[in-house]
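For reference, the structure discussed in these notes is given below.
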Amino acid sequence: METYATSIPRLDSFLNGGLKPCTITILWAYPGIENAPFAYQTLIERLDSGDTCVYINQSKMSKAVEDEIEHYGWSTKSHKENEKFFFLDAYSSLINVKSEERFSVKNSRNPKEITTALDEILDATGSGHTLVIYDSLSIMIDHCGSSSMDELIEWKKIFEKKNATGIFLFTEWPYDEKVLNKLKLISDAIVQLKAIEEKVILREFFIVSKVNWNGKTKKGISVPFKIAAPGGVKVYVPKILVTGAYNSGKSSFVHSASTRAVSVDRVGTTIALDHGHVDYSGFSVDLFGTPGQERFDPILELLGGESLGVIAMVDSTSPQSLARVKDMLEKSKSAGLPVVIAANKADLENAMNPDEIREKMSLPMDIPIVQVTAEELSKVRKGEPAKLKEDEIHTVLDALFNKII
Ligand SMILES: Nc1nc2c(ncn2[C@@H]2O[C@H](COP(=O)(O)OP(=O)(O)OP(=O)(O)O)[C@@H](O)[C@H]2O)c(=O)[nH]1
Ligand SMILES: [Mg+2]
């Protein structure tokens, strides 16, 4: 089945590839959570893929939408000039000002007028596929009453006729249960955006709670996210622990994987921790490396707390250190978390291969072992973190990300 990718990390896989043509997907946000960046990111992805896009703005001026899109590092300017991106201004009439857009709704308190305007604009957009973003259902319900939702059925008929697909923004203010149920029925897919408060940290996550195409998706898995500007929606993993025996290559890994990193080292060994930030494959991740020496074990549990996954570094040239890694996984309270073994120093002559490591550590098959090597052996200095090969680092990260979400 043909689908239209959103490019939101992980979302497309939960939607079986992306948005199904001629359907309505609701970005269903709880108050206080922004859903618009999800729509902007999809908009840019679809425009870049050659689709036409229509943004029905009923909650703010089109200029404000453009400014926000720019804030995330994207631009609609050239698409607007090339007549691939249009606003359907349903806001100006709400605040009694004259619209500056080519397409506008005279009285947007009457949803039937939006329907008529939508029908017209989709004739103007040509024959290809069009993404329609509606901002927002909450404004429609607030200004036009809940019966206006019946109009969505008409919109879907128009989508069918004119090859369009909708992403509709909705914020769940305290509405009547009947209103919510009706929305759930009319929509084809729902992506919920929720938050949990943990003392002071507010963690946000999205869940695909409904998708009525291709039925076999894994629904209800929550994906933590944050919105980066620039960059847009990122899967956010606040803590991954990088642990392993003394001298196994933890600092090397953290530094090589990170866009920025710090270590607290003394004469070549880490005495406090390594900390690095990773921005890769739609993920935004903080890595925390532990010291390797046993005298620091009392702080292992502290460092391991709240990790969502573990990278365990193994020095492939040191069979005697393998037992120590297992011990550290236990001490950091990270046994049971998703774990990937990075078998470091695989470039050295006496390195064990992954099968030997698996056997010696009696690791189950579902724990991936990825070989990692220094970028240039001649540049490896004793007591200094080595630069590791990027593609191998990415293989480690991919393996772990797939286990976490
Ligand atoms: N040849 C080779 N050397 C490596 C590799 N990775 C790390 N090293 C070297 O191994 C030594 C230890 O690396 P670190 O990254 O400091 O190890 P660590 O686990 O942080 O060590 P502690 O903090 O002391 O526990 C350094 O001299 C590195 O240059 C690798 O893949 N190949
Ligand atoms: Mg270190």
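Throughout, numbering of the chain's residues begins at 1 and tracks the sequence. One-based numbering, in listed order, for ligands and for the atoms of each. Note that these values count all heavy atoms, side chains included, but never hydrogens, waters or copies made by symmetry.
For ligand 1 and Gly383, the ligand atoms under 4.0 Å from any heavy atom of the residue are 27 (O). Against a heavy-atom cut-off of under 4.0 Å, Ser251 is close to the following atoms of ligand 1: 15 (O), 18 (P), 20 (O). For ligand 1, the atoms sitting less than 4.0 Å from at least one non-hydrogen atom of Tyr246 are 24 (O), 25 (O), numbered in the order shown with element in parentheses. Less than 4.0 angstrom separates some heavy atom of Thr373 from each of these atoms of ligand 1: 31 (O). Heavy-atom contacts of Leu348 reach the following atoms of ligand 1: 1 (N) (cutoff under 4.0 Å). Each of the following atoms of ligand 1 lies closer than 4.0 Å to a heavy atom of Gly292: 25 (O). Contact atoms of ligand 1 toward Leu377: 1 (N) (distance under 4.0 Å to a heavy atom of the residue). Of all atoms in ligand 1, listed by their number and element, those nearer than 4.0 Å to a heavy atom of Glu384 are 26 (C), 27 (O), 28 (C), 29 (O).
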Does the pair Asp315 and Lys345 meet the rule for a salt bridge (Lys or Arg N to Asp or Glu O under 4.0 Å), with working shown? CA-CA 6 Å; Asp315 179 343; Lys345 310 193 191 185; 3.3 Å; yes
Could you walk me through whether Leu11 and Val191 pass the side-chain contact (heavy atoms from CB on, under 4.5 Å) check? CA-CA 9 Å; Leu11 178 58; Val191 182; 3.9 Å; yes
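Taking all heavy atoms of Gln293, Lys250, Lys345 into account, the minimum distance to atom 31 (O) of ligand 1 is reached by Lys345.
Checked by atom type, the side-chain pair Glu154/Thr115 shows no donor-acceptor distance below 3.5 Å. Side-chain atoms of Asn35 and Tyr30 include no donor-acceptor pair closer than 3.5 Å.
For the residue pair Asn163 and Ser127, the shortest heavy atom distance occurs at ND2-O, 4.1 Å.
The N/O atoms of Asp274, backbone and side chain alike, include none that comes under 3.5 Å of an N/O atom in ligand 1. On a distance-only criterion, Val380 and ligand 1 share no N/O pair closer than 3.5 Å. For a threshold of 3.5 Å applied to N or O pairs, the pair formed by Ala374 and ligand 1 contains at least one separation below that value.
Put simply, the residue from Asp135, Asp89, Thr76 that forms a side-chain hydrogen bond (donor to acceptor under 3.5 Å, both in side chains) with Tyr55 is Asp135.
For Ser251, the nearest N, O or S atom to the Mg ion (ligand 2) falls under 2.8 Å.
Contact annotation: Lys382 has at least one heavy atom less than 4.0 Å from an atom of ligand 1. Heavy-atom distances between Gly244 and ligand 1 stay at or above 4.0 Å for every pair.
Every residue two or more places apart in sequence or in another chain that forms a ring-ring contact (aromatic ring centres under 6.0 Å, His included) with Phe86 is listed here: Phe103. Partners of Asp347 by side chain to side chain donor-acceptor pair (under 3.5 Å), not counting sequence neighbours: none found.
Under the 30°/60° scheme for interplanar angles, the aromatic rings of Phe168 and Trp155 are found to stand perpendicular.
Between Ile56 and Phe87 the shortest side-chain heavy-atom distance does not fall below 4.5 Å.
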